[in-house]
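Step one of this worksheet: look at the structure below.
Any value given below was found using the heavy atoms of this structure, including those in side chains, with hydrogens, waters and symmetry copies removed.
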2 protein chains.
Amino acid sequence: MATQPMAAGRPATIHDIAALCGVAASTVSRALANPDRVNIRTRERIQAAAAELNYTPNSQAKALSSGRTGAVGVLVPDITNPFYFDLIRGTQLQLKAAGYTQLLVDTEESDEVEASTLEQLRKSADGVIVAASRLDDEALADAAARMPMVTVNRDVDGVPAVLIDTPSAMPQALDHLISLGHTSVAYVGGPAVSQSSARRWSALSAAAESRGVEVRSLGPFAPKTQSGAAAADAAVHSGVTACIVFNDLIAIGMLQRLRERGLRVPEDMSIVGCDDIFGADFCNPPLTTMSSPIEQAGRVAVSMLLAQLNPLAGGGNRSRSVMPTHLTVRGSTGPAPAK
Amino acid sequence: MATQPMAAGRPATIHDIAALCGVAASTVSRALANPDRVNIRTRERIQAAAAELNYTPNSQAKALSSGRTGAVGVLVPDITNPFYFDLIRGTQLQLKAAGYTQLLVDTEESDEVEASTLEQLRKSADGVIVAASRLDDEALADAAARMPMVTVNRDVDGVPAVLIDTPSAMPQALDHLISLGHTSVAYVGGPAVSQSSARRWSALSAAAESRGVEVRSLGPFAPKTQSGAAAADAAVHSGVTACIVFNDLIAIGMLQRLRERGLRVPEDMSIVGCDDIFGADFCNPPLTTMSSPIEQAGRVAVSMLLAQLNPLAGGGNRSRSVMPTHLTVRGSTGPAPAK
DNA sequence: ACGGCCTTGACAACCGATTGCCATTCGCTG
DNA sequence: CAGCGAATGGCAATCGGTTGTCAAGGCCGT
């Protein structure tokens with residue numbers, strides 16, 4: 001039993017291994033980190049001892065001495081927004097595959113929380129992935145200058161970004177509505193500080209102009225289902241027959257409110273969402289929306305960040321990556337009501 | 001400009017502060033951590049210097065020397081399961097409030113991933129919160145013996161736990177169905193390794209026996225909407241008129257499948273879910289389900305863990321906390337079909 | 001057989017903070 | 001005025017690794 005690794009005692013260190021093998025601690029360190037630097041026989045002895053002692057490196061100590069923490073921060077404005085679920089899962093999987101730990105932080109839709117989190121992460125993480133940043137361009141560029149960063153759905157000069165190309169699908173959505181006979185459409189906007197919302201609106205209004213259709217902008221609205229009620233009321237009041245909505249959360253809230261008010265979707269009003277989140281396919285009616293490979297976006301963001309961290313591999317460090325988006329037509333859009 | 005904290009240079013350390021104040025680094029450390037131990041005048045000088053240098057302690061170094069990491073691991077089987085959203089948000093908020101960092105890990109429904117994560121976290125976190133563990137009792141108890149732990153929805157001797165008391169709402173759900181005329185009910189089970197599912201089933205079958213109703217068990221099924229198809233088919237084939245389902249994910253999947261097969265809910269089949277997740281209120285029809293304060297469960301779990309970590313405050317360390325659950329009736333349950 | 005190169009492994013400084021121990025100083029009491 | 005204890009702050013070890021530097025030894029070629 002003496003040979004059995006003591007499961008209870010405190011974890012083994014490289015010094016324990018060194019003592020067991022009769023070498024210096026530094027040799028153990030090298031054997032494990034830089035195998036070529038050490039004789040194969042010694043290395044094998046050390047590896048065997050490490051296995052026997054059930055050794056795992058102390059990440060704190062490693063971080064302290066090497067400067068690399070092996071952790072990556074992932075900042076999202078709201079953990080409970082389903083849009084981020086797939087993103088988070090994507091980053092988590094890719095980070096784990098690369099041996100990194102994910103530090104997930106909910107910034108509560110607040111630029112201050114975001115800024116202070118970034119400052120703290122500067123020491124405790126090797127890099128960050130910032131989704132839907134609420135910071136202004138300057139603050140974000142500053143932060144990116146201090147530590148490796150990749151943004152998601154936020155385009156700032158000099159900061160590598162993964163963009164979900166929802167804007168480019170806007171004309172598609174509009175054409176879909178036009179083909180159904182709609183001529184009066186509203187854009188239901190997201191938070192005022194959301195660059196995504198601004199980009200979607202400008203893509204939409206440009207498309208509307210080239211097609212000679214009237215599109216008005218409503219909002220801003222917070223990205224929550226509860227905001228859907230106000231959005232729905234505003235849409236009804238504005239007299240449009242169709243809405244393109246900043247995201248599915250608001251769109252689903254609108255669906256509920258319209259039903260409460262006795263309005264039928266899509267007979268009285270058509271609704272198009274964005275993001276194709278969990279729930280968009282089983283709400284009532286199922287939501288026509290813009291779909292994108294979100295989990296993949298998370299993975300790509302991690303890859304881009306890791307490329308920054310380890311510039312060794314000759315991968316051309318792309319600074320922008322655009323994820324394709326397409327319109328998924330479900331039940332929430334239909335022919336415009338007869339006048 | 002010389003007085004301005006250099007935003008670019010590497011972060012200030014206690015040594016910088018010590019040099020600026022003409023004291024020893026250890027004094028700085030004490031002034032910041034243990035203010036009584038140091039003269040008030042010195043302390044104030046040090047605090048001013050710290051503020052001026054924009055000092056923030058290096059958490060790695062602090063962890064290394066003090067043994068406390070200031071981080072807490074949160075393990076969930078599947079990040080994309082909406083049930084965990086609110087839980088995660090609850091832990092995140094409470095941890096942040098207490099100055100801890102949350103390490104969120106998706107264990108991918110795998111006991112091996114869970115075990116290895118726990119082993120790693122043993123060094124890099126002060127404690128863990130484990131939701132819906134897939135480990136067997138012995139392994140979990142072992143792990144809990146090595147580091148502070150609180151489980152969620154998992155009851156093992158000697159391990160503090162927060163339990164969502166869904167089992168106690170089972171009789172309520174059954175009575176609801178009985179009052180609607182159902183006499184033949186199925187329980188659609190979750191993963192075989194899920195203790196939650198087992199507890200729900202035994203509560204339900206006990207209630208059924210005391211009421212003289214036939215209840216059969218179907219499954220196991222993976223906790224995903226996709227599993228709903230198989231579950232729905234099995235339920236139809238079994239001839240029951242109502243199902244109580246392990247969780248809302250499967251229940252929502254069943255709703256979709258039943259619709260595909262041309263069966264109406266609740267006219268042909270009533271469905272009761274569990275958890276009242278995001279989406280349960282807007283699916284079609286809205287789901288009758290068991291509701292619980294999940295976010296609060298997360299907060300309670302954190303409180304219990306912190307009580308373990310800092311035994312100072314005389315809070316009686318409760319080892320179990322049960323969150324109340326109640327039936328929320330929506331549109332997916334209705335009168336049993338006439339024979 | 002000898003000089004030089006390369007491999008191998010040891011030594012020690014260092015990362016940034018914590019903390020036990022000790023020396024100094026001050027104020028107070030008898 | 002001597003004596004004593006509390007308050008205060010410095011020194012140095014320590015946490016567990018990483019990494020630069022260097023010495024010893026083996027191998028080669030000539």
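Between the side chain of B:Arg30 and the base of D:dG9, no donor-acceptor pair under 3.5 Å is found. Interface remark: the B:Arg41 side chain does not form any donor-acceptor pair with the D:dG9 base, using a distance-only criterion of under 3.5 Å.
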Please walk me through it: do A:Arg122 and A:Glu119 pass salt bridge (charged side-chain N to carboxylate O under 4.0 Å, His left out)? CA-CA 5 Å; A:Arg122 198 175 148 207; A:Glu119 182 57 32; 3.4 Å; yes
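For D:dC11, the OP1/OP2 oxygens have no side-chain nitrogen or oxygen of B:Ser26 closer than 4.0 Å. At the phosphate of C:dA10, OP1 or OP2 sits under 4.0 Å from a side-chain N or O atom of A:Thr27. Residue A:Thr13 has no polar side-chain atom (N or O) positioned under 4.0 Å from OP1 or OP2 of D:dG16.
Atom pair A:Ile17:CD1 and D:dT18:P shows a separation of 11 Å (rounding to whole Å applied). Spacing between atom CG of A:Asn39 and atom P of D:dG25 amounts to 16 Å, rounded to whole angstrom units. If you measure from atom CG of A:Leu53 to atom P of D:dG16, you get 14 Å, rounded to the nearest angstrom.
Mapped onto DNA chain D by nearest heavy atom, A:His15 and B:Ala25 fall at different nucleotides, with B:Ala25 at the one closer to the 5' end. Nearest-nucleotide mapping onto DNA chain D: of B:Gly22 and B:Lys123, the residue sitting toward the 5' end is B:Gly22.
Contacts between residues 57-72 of chain A and DNA chain C, counted as heavy-atom distances below 4.0 Å, involve A:Leu64, A:Ser65.
In this structure, a donor-acceptor pair under 3.5 Å is present between the side chains of A:Gln102 and A:Thr91. B:Gln60 and A:Thr69 share no donor-acceptor pair across their side chains, judged by distance under 3.5 Å alone.
The pair A:Asp137-A:Arg154 meets the salt-bridge criterion, since a charged nitrogen lies less than 4.0 angstrom from a carboxylate oxygen.
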